[in-house]
Number of protein chains: 2
Amino acid sequence: MVTLRQLRYFETLARTKHFGMAADQCAVTQPALSMQIKELERELGVELVERRGGTIAVTPAGQEIAARAEAILGQVRELSDYARQHQGVLTGSLRLGIIPSIAPYLLPEILTEVTKRYPQLDLQIRETQTSPLLEELIRGELDAVLVALPVEPPQLEAMPLFEDRFLIAVQSQAAPDWSKSDLRTRIGQERLLLLEEGHCLRDQALQFCQIANMQARRALGAASLTTIMQMVAAGHGITLLPELCARTEVDRKRVALIAFPEEPPRRIVGLAWRRSSARQSDFTALGQLIKSLRREAVGEGQPANV
Amino acid sequence: MVTLRQLRYFETLARTKHFGMAADQCAVTQPALSMQIKELERELGVELVERRGGTIAVTPAGQEIAARAEAILGQVRELSDYARQHQGVLTGSLRLGIIPSIAPYLLPEILTEVTKRYPQLDLQIRETQTSPLLEELIRGELDAVLVALPVEPPQLEAMPLFEDRFLIAVQSQAAPDWSKSDLRTRIGQERLLLLEEGHCLRDQALQFCQIANMQARRALGAASLTTIMQMVAAGHGITLLPELCARTEVDRKRVALIAFPEEPPRRIVGLAWRRSSARQSDFTALGQLIKSLRREAVGEGQPANV
DNA sequence: ACCATACGATCAGAATATCTGATCGCTCTT
DNA sequence: AAGAGCGATCAGATATTCTGATCGTATGGT
């Protein structure tokens, strides 16, 4: 008799193409996974993976079966989600992914508020860049993600939460030198500091500046905004900084923030989830909670112009 | 962690609304089933069934979850079927339903032929009337059914196999008395013997005779064609007999068969299965096999006219 | 050619999960 | 008030699944 356990293990194996890694992801030892895979093969009477020294290949039949298994596992997840709805909103566990340019600035407040208002909720956080987050979301390893919109995959649905304007961060001493009138031209003349490849923030900044700053690409990617801000403070360049990050990252003595006078470049921060998920009400509740946080926050900490 | 076992048990329970029966159907004892249901409820955090003395009720959440479970189980079945295709046609086990007016006459040959040509196939037979067969087919308890076409449910697909003409069976002594010219009128004057409610044969005969024989409904239903033929032989009435059954059921000394001169009433015998099943090639192979049997059989045993 | 390494298979024993059969307690019927 | 039917519960048996150690093989570097 086929079991869900077998399907779970096999789906992971088909994805990783590696017994050891798959076993890790399933949180069991490699022999345990091997045995279940073998049992599934015996059960179905089909060779699912070809074991060749060093590496393995998923057979064509295996591919198809992995796809079906994935669909089945998805439906089981939705069944559980549906059930969870019946014990009230935002209860049980919710796996939330957040991108690095949001997590540190919003997460503490989110956690405080969630603990206060939804003590039943066990919020599990994963912080990484947008594309792995979306993959994991689609695979069902995450329930929702907090990212910059839009999100492309059609099986996802998103709720915009707030607008996050970009400011220009420059070394304080240099600030008086910046006139608001020709910001864009001026940017083109500076060295633009950006995060490393893969961060959506980098892409957004590049997109905005592509006309203005053709030499931006030579800027090597930094691993964190903190690094970048230290470099700005030391006068090694400028950067585009989301308002959200400003309060935390900016040392007012050493760095000045310049707002765009009109039509500021901005990102939309939103919550995304699988369209097929049965936890819609959880997500809208969580979205509302974050929205409300942000409104208060914006109210108290006004954007700092020069 | 939700298991397929839990879903299987619960789906059965939701259908039977009875722990004991569900346990029987699942081939386990009642405590085993109770425990799995309880575990599923704990897992999902939802009460799935209301236990009230004597009887139980499936909660609304339970209904929805049972429906989802059913869908999931169906997909798992299809996954298995898909896999089975890969080890060649007509291997493994195949659960075939057959109606009583076909089974005794076709099954022996089918079994002989299947054993010869597909020794790998484990054919499990269920014999009952059309409507329970179709229900079980849709639920996935059967893989295919051999019935009179058409079959209505849209999720089923059917393959016509052969035409089975109806003959009139009368007591031998009375036979000379029948002129072919006005068969229909004549039928109206006789007592028509039919199977009990639920047999498609009864409905087909009634449909054909509805103009001719308005008093047919008073004929009490017999449980088997054998009973009916004994009564015909004893001169208690006449019946419409499918050609398929004639060789086996007719004692030529006591019963005569009269063929309709033109446009004989007939039934189409066919094989039906779930459209969603992944075993199409099994079914067409089985259909071909039955077709070929029938062609030979028709060739050797010509319909016996007066 | 030889060693080191990485990978998956295998095995024995331990830990879990699941099942059975007996029994209990409740509710409805008579 | 007694009996029948039903599901829950419990203890012990059984089957499944897991772990940790070990093995054999293929591969790549030297």
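Every chain is numbered from 1, with letters handed out A, B, ... down the list of sequences. Excluded from the calculations below are hydrogen atoms, water molecules and symmetry mates; all remaining heavy atoms, backbone and side chain alike, are included.
- With no hydrogens or angles considered, a side-chain donor-acceptor pair links B/Gln30 and B/Ser34 at under 3.5 Å.
- Atom pair B/Arg42:CZ and C/dA17:P shows a separation of 10 Å (rounding to whole Å applied).
- In terms of heavy atoms, B/Gln36 sits closest to B/Thr3 at OE1-OG1, 4.5 Å.
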Between the protein and nucleotides 4-6 of chain C, list the N/O to N/O atom pairs that are separated by less than 3.5 angstrom.
none

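- The shortest distance between the side-chain N/O atoms of B/Arg51 and the OP1/OP2 oxygens of D/dC6 is not below 4.0 Å.
- In this structure, A/Gln87 contributes its side chain and B/Leu44 its backbone to a donor-acceptor pair below 3.5 Å.
- A donor-acceptor contact closer than 3.5 angstrom links the side chains of A/Glu78 and A/Ser276.
- Between A/Glu136 and A/Arg139 there is no salt bridge, since no side-chain N of the basic residue sits under 4.0 Å from a carboxylate O of the acidic one.
- Whole-Å rounding puts the B/Asp24 CG to D/dG5 P distance at 15 Å.
- Looking at A/Arg51 and A/Glu41, a side-chain N of the basic residue comes within less than 4.0 Å of a carboxylate O on the acidic one, giving a salt bridge.
- Between the CE atom of B/Met21 and the P atom of D/dG5 there is a distance of 12 Å, given to the nearest Å.
- OP1 or OP2 of D/dT9 lies within a sub-4.0 Å distance of a side-chain N or O belonging to B/Lys38.
- Across the protein-nucleic acid pair, A/Ile37 atom CD1 and C/dA9 atom P stand 9 Å apart, rounded to whole Å.
- For B/Glu47 and D/dG7, the CD to C1' distance is 14 Å, given to the nearest whole Å.
- Formation of a donor-acceptor pair under 3.5 Å by the A/Thr59 side chain with backbone atoms of A/Leu48 is found in this model.
- Although no hydrogens or angles enter the test, the distance criterion places a donor-acceptor pair under 3.5 Å between the side chain of B/Gln280 and the main chain of B/Arg275.
- For B/Glu113 and B/Lys116, the salt-bridge test passes: some basic side-chain N is under 4.0 Å from an acidic carboxylate O.
- Look at CZ on A/Phe19: it is 15 Å from C1' on D/dT25, rounded to the nearest Å.
- The distance between atom CE of B/Met1 and atom P of C/dT16, rounded to the nearest whole Å, is 17 Å.
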Across nucleotides 15-21 of chain D, 5' to 3', mark each nucleotide with B, S or - according to how protein heavy atoms within less than 4.0 Å reach it. --SBBBB

